[in-house]
Structures are given as C-alpha cells and as structure tokens.
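To keep things clear, I will list the structure first and then write my remarks on it.
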Amino acid sequence: KKKLYHCGDDVAQFGVGPSVGVKLGSNNVIDAIFFGPLFAFRPNPQSKNSFNLAIGGIMAPKVKVLGDGIEEGKPLPAGETEVRYKKVTKFGYGVLLSFTF
C-alpha cells in the first residue's frame with residue numbers, strides 16, 4: 001500500500017499554502033480578517049526550525065469613522081451639537097512573520 005504522507009529525509013525545504021487570520025473583538029464578533037499566501041522556509045530537510053512569511057490583505061468590517069460632513073480638527077457643521085460617526089469596511093495590506101524552533 002502506498003503511503004499518503006512520508007516524513008523522512010526527503011522533507012521539503014520550501015512550501016507554499018494559504019494563510020487566514022481572524023482578530024476577534026469585544027463589540028463585534030470579528031474585528032478583522034487577514035488572508036493571503038504563506039511561504040515556509042526550512043534551513044535543511046532534517047531541521048525542525050522554520051521561517052514563515054505571509055503577505056496578504058486585511059479586511060476590517062464595521063470600522064468607526066467620522067460621519068459625512070464632519071472633518072477632523074474643524075468645528076462641527078451648523079446645527080450639529082455632537083460628533084456623528086458611521087461604520088464602514090476598510091481594506092489594507094499586512095505581513096505576518098512566524099518562526100518555529
């Protein structure tokens with residue numbers, strides 16, 4: 001019978017796979033999500049040490065920003081008595097480094 005996985009001397013020194021991270025929040029269930037490819041490097045096949053690098057996108061739903069017509073550092077518009085906010089989805093880039101030893 002063929003083995004589906006063999007962990008011997010021929011273990012790869014380089015690998016690529018998906019990476020997903022979730023930042024849990026206190027008010028929102030999810031504050032942000034990270035997604036992108038993960039690159040793993042091992043110095044030699046017998047080593048248990050590895051260096052992992054993920055580069056990807058971040059999506060943060062429900063980010064609180066100033067409401068329409070309100071600008072930072074400026075007086076409130078006429079008729080406004082308090083600062084209004086709105087929630088928007090923001091996107092960005094992220095890098096994740098991890099090491100095993």
Side-chain angles (χ1 to χ4, degrees):
K1 230 178 178 183
K2 271 189 163 181
K3 291 183 181 180
L4 295 176
Y5 182 76
H6 173 70
C7 187
D9 292 339
D10 58 347
V11 174
Q13 288 180 255
F14 176 78
V16 178
S19 175
V20 176
V22 177
K23 180 183 182 294
L24 301 178
S26 54
N27 295 333
N28 302 317
V29 175
I30 296 175
D31 275 347
I33 301 170
F34 173 86
F35 46 92
L38 178 116
F39 304 93
F41 307 94
R42 183 177 287 166
N44 62 62
Q46 291 77 28
S47 176
K48 292 185 180 182
N49 301 334
S50 72
F51 169 78
N52 309 297
L53 171 69
I55 302 170
I58 299 172
M59 181 188 77
K62 300 182 181 178
V63 175
K64 190 173 165 182
V65 297
L66 291 173
D68 295 331
I70 298 177
E71 297 181 45
E72 183 179 349
K74 294 191 177 179
L76 291 173
E80 298 278 348
T81 57
E82 61 183 59
V83 178
R84 286 180 289 105
Y85 296 96
K86 64 180 181 179
K87 292 188 178 180
V88 297
T89 299
K90 293 280 191 171
F91 296 91
Y93 301 100
V95 175
L96 173 75
L97 295 173
S98 67
F99 307 90
T100 60
F101 49 90

With side chains defined as the heavy atoms from C-beta onward, is the minimum distance between V83 and L76 less than 4.5 Å?
yes

Please list every donor-acceptor pair under 3.5 Å in which a side-chain atom of residues 94-101 meets a protein atom from a residue at least two apart or in another chain.
from: S98; atom 1: OG; to: N52; atom 2: ND2; distance (Å): 3.2
from: T100; atom 1: OG1; to: K48; atom 2: O; distance (Å): 3.3
from: T100; atom 1: OG1; to: S50; atom 2: N; distance (Å): 3.0
from: T100; atom 1: OG1; to: S50; atom 2: OG; distance (Å): 2.6

If you look only at pairs with a residue in residues 85-101, which of them pass as a salt bridge (charged side-chain N to carboxylate O under 4.0 Å, His left out), with sequence neighbours excluded?
D68-K86

Could you give all pairs that pass the side-chain hydrogen bond (donor to acceptor under 3.5 Å, both in side chains) test and reach residues 71-80, with sequence neighbours left out?
E71-K74, E80-R84

State, to 0.1 Å, how close A54 and S19 come at their nearest heavy-atom pair, and which atoms those are.
CB-OG, 3.8 Å

With V16 via side chain to side chain contact (heavy atoms under 4.5 Å, CB included) - residues at least two apart:
F14, F39

Going by side-chain heavy atoms closer than 4.5 Å, which hydrophobic residues are tied to V20, directly or by a chain of links?
none

Members other than V88 in its cluster, when Ile, Leu, Val, Met, Phe, Trp, Tyr link by side-chain heavy atoms under 4.5 Å?
V63, V65

Using the salt bridge (charged side-chain N to carboxylate O under 4.0 Å, His left out) rule, collect all pairs that involve residues 18-27, keeping only residues at least two apart or in two chains.
K23-D31

Pairs flagged by ring pair (Phe, Tyr, Trp, His ring centres under 6.0 Å) wherever residues 73-98 is involved - sequence neighbours left out
none

ILVMFWY cluster, I55 and F41 together (side-chain gap under 4.5 Å)
yes

